[in-house]
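Below is one structure; the comments refer to it alone.
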Number of protein chains: 2
Amino acid sequence: MLETSIKEGLQSTGRRMTRTRKAVLALLERTHQPLSASEIFAQLQEEQVAIDLVTVYRTVNVLKELGLVVQLDLYQEGQSRYELKEGRTHHHHIRCQICGRIVDLLLCPLKKLTKLIEKRTQFVVGDHTLEFTGFCPKCQ
Amino acid sequence: MLETSIKEGLQSTGRRMTRTRKAVLALLERTHQPLSASEIFAQLQEEQVAIDLVTVYRTVNVLKELGLVVQLDLYQEGQSRYELKEGRTHHHHIRCQICGRIVDLLLCPLKKLTKLIEKRTQFVVGDHTLEFTGFCPKCQ
DNA sequence: ATTTTATTGCAAGTCTCTTGCAAAAACAAA
DNA sequence: TTTGTTTTTGCAAGAGACTTGCAATAAAAT
Ligand SMILES: [Mn+2]
Ligand SMILES: [Mn+2]
Ligand SMILES: [Zn+2]
Ligand SMILES: [Zn+2]
């Protein structure tokens with residue numbers, strides 16, 4: 001179970017499993033879209049879970065530090081989104097410009113390109129971001 | 001001359017060539033790094049050009065509307081950067097995690113991938129962002 | 001149960017960027 | 001050059017995402 005294995009991750013860094021952390025984790029687990037802090041806050045409000053927006057921010061930051069969550073900064077959204085790693089490997093996304101739906105692109109085509117860039121620029125390449133926007137089937 | 005051709009672009013949309021717009025354009029022209037609004041502001045201050053930060057924001061937005069400037073949102077910088085198009089075609093960037101230097105990658109490897117994504121997701125793909133971070137030669 | 005330490009909520013603060021409005025500057029017409 | 005019209009500017013204030021300080025609360029350890 002996810003919650004149990006996460007509890008260990010928390011405790012091994014001197015942290016505690018709390019009511020609010022459980023609620024955020026459970027929400028991310030059952031939602032198949034990357035969520036922003038304000039969306040997490042609004043959804044939990046709706047579900048009668050008492051939580052402050054500040055606590056949402058602190059929670060996603062802890063989950064990121066533990067490596068349980070990825071932070072996404074999509075193009076010109078003006079806010080970060082978070083999604084659980086939980087099994088999934090490195091991948092990218094496409095977002096519909098009309099309805100905002102975000103779809104996983106389960107691929108990363110950049111290994112060769114990274115090599116090329118290292119040769120050309122003499123940089124040691126660390127990370128990259130790659131992200132698409134467009135019109136989803138329903139919004140075309 | 002860049003300033004002259006830009007003046008025409010401005011005037012054809014009922015806009016005016018002003019002291020502050022000249023200063024921002026000249027700075028972008030002689031700087032070979034994408035600049036943020038606050039960097040433009042600070043640099044012009046240094047050069048004794050009287051300009052308000054608000055005016056810098058409004059200026060880069062006008063230049064973007066005229067298609068003279070590209071807006072970049074690099075990973076987790078928390079502010080946009082702007083660079084003159086002036087000849088250059090669509091390309092991407094790599095930024096050094098230590099010193100912040102930004103280098104142009106004069107390539108875009110995503111035409112084939114765009115086709116693949118359209119086939120797989122049924123999206124009509126519009127735009128994309130692609131951006132690298134790493135360690136530049138001096139900072140390794 | 002008691003003690004210790006981490007976490008929470010609230011208020012306030014920071015940072016980037018935007019908006020309203022009166023004063024100043026650019027351009028056009030005389 | 002002078003006058004009149006319209007755009008642009010600077011200043012102040014506001015919006016939105018995110019962070020920080022601190023006392024009260026809750027989780028874990030004893
Ligand atoms: Mn994903
Ligand atoms: Mn560039
Ligand atoms: Zn990738
Ligand atoms: Zn590209």
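No hydrogens, no waters, no symmetry mates; every other heavy atom, side chains included, goes into these values.
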Inset, instruction - Looking at every strand, decide which applies to B:L53 at a 4.0 Å heavy-atom threshold: base, sugar-phosphate, or nothing. - result: nothing
Inset, instruction - Could you state the atom-to-atom distance from CG of B:D52 to C1' of C:dA25 in whole Å? - result: 16 Å
Legend entry - C:dC15 phosphate, OP1 or OP2, under 4.0 Å from B:Q79 side-chain N/O: no
Inset, instruction - For B:Q48 and B:Q45, indicate whether the former's side chain and the latter's backbone hold a donor-acceptor pair under 3.5 Å. - result: no
Legend entry - Per B:R21 side chain, nearest of listed nucleotides C:dC27, D:dT8, C:dT7: D:dT8
Inset, instruction - Starting from P on C:dT7, measure out to CD1 on A:I51 and report it in whole angstrom. - result: 14 Å
Inset, instruction - Using a 4.0 Å heavy-atom cut-off across all strands, classify A:N61 as base, sugar-phosphate, or nothing. - result: sugar-phosphate
Inset, instruction - Let me know the distance between CD of A:Q11 and C1' of D:dA28, rounded to the nearest Å. - result: 8 Å
Legend entry - B:E131 and B:R81 ion-paired at < 4.0 Å: no
Legend entry - Flag side-chain contact, heavy atom, 4.5 Å: A:L72 against A:T129: no
Legend entry - Any B:S36 side-chain nitrogen or oxygen under 4.0 Å from OP1 or OP2 of C:dT16: no
Legend entry - d(CG, B:L63; C1', D:dT8) in whole Å: 14 Å
Inset, instruction - Would you tell me if any nitrogen or oxygen in the side chain of A:S38 comes within less than 4.0 Å of OP1 or OP2 on D:dG16? - result: no
Legend entry - Five-pair end axes of the helix from C:dA1-D:dT30 to C:dA30-D:dT1, angle between them (10°): 30°
Inset, instruction - Just call it for A:R58: base, sugar-phosphate, or nothing, with non-hydrogen atoms closer than 4.0 Å on any strand. - result: base
Legend entry - First encountered from the 5' end of DNA chain D, between B:T55 and B:R16: B:R16
Legend entry - Of the listed nucleotides D:dA28, C:dC27, C:dT18, the one nearest the side chain of B:V54: C:dT18
Legend entry - N/O (side chain, B:S80) to phosphate O (OP1/OP2, C:dC17) under 4.0 Å: yes
Legend entry - Nucleotide nearest A:T20 (side chain, heavy atoms from C-beta), chosen from C:dC27, D:dA28, C:dT8: C:dT8
Inset, instruction - For D:dT19, take OP1 and OP2 only and decide whether either is under 4.0 Å from a side-chain N or O of A:Y57. - result: no
Inset, instruction - Assign the ring pair B:H90 / B:H128 to parallel, tilted or perpendicular, where the plane angle (0 to 90°) is split at 30° and 60°. - result: perpendicular
Inset, instruction - Check whether any side-chain N or O of A:R19 sits under 4.0 Å from OP1 or OP2 of D:dA26, and answer yes or no. - result: no
Legend entry - Check: B:A50 main-chain N/O paired with B:R19 side-chain donor or acceptor under 3.5 Å: yes
Inset, instruction - Hey, which sits more toward the 5' end of DNA chain C by its nearest nucleotide, A:T59 or B:E77? - result: A:T59
Inset, instruction - Check the side chains of A:E39 and A:Q43 for a donor-acceptor pair under 3.5 angstrom, ignoring hydrogens and angles. - result: no
Inset, instruction - Kindly say if A:T18 contacts the phosphate of D:dA26, meaning a side-chain N or O under 4.0 Å from OP1 or OP2. - result: no
Inset, instruction - Classify the side chain of B:R15 and the base of D:dT8 as holding, or not holding, a donor-acceptor pair under 3.5 Å. - result: no
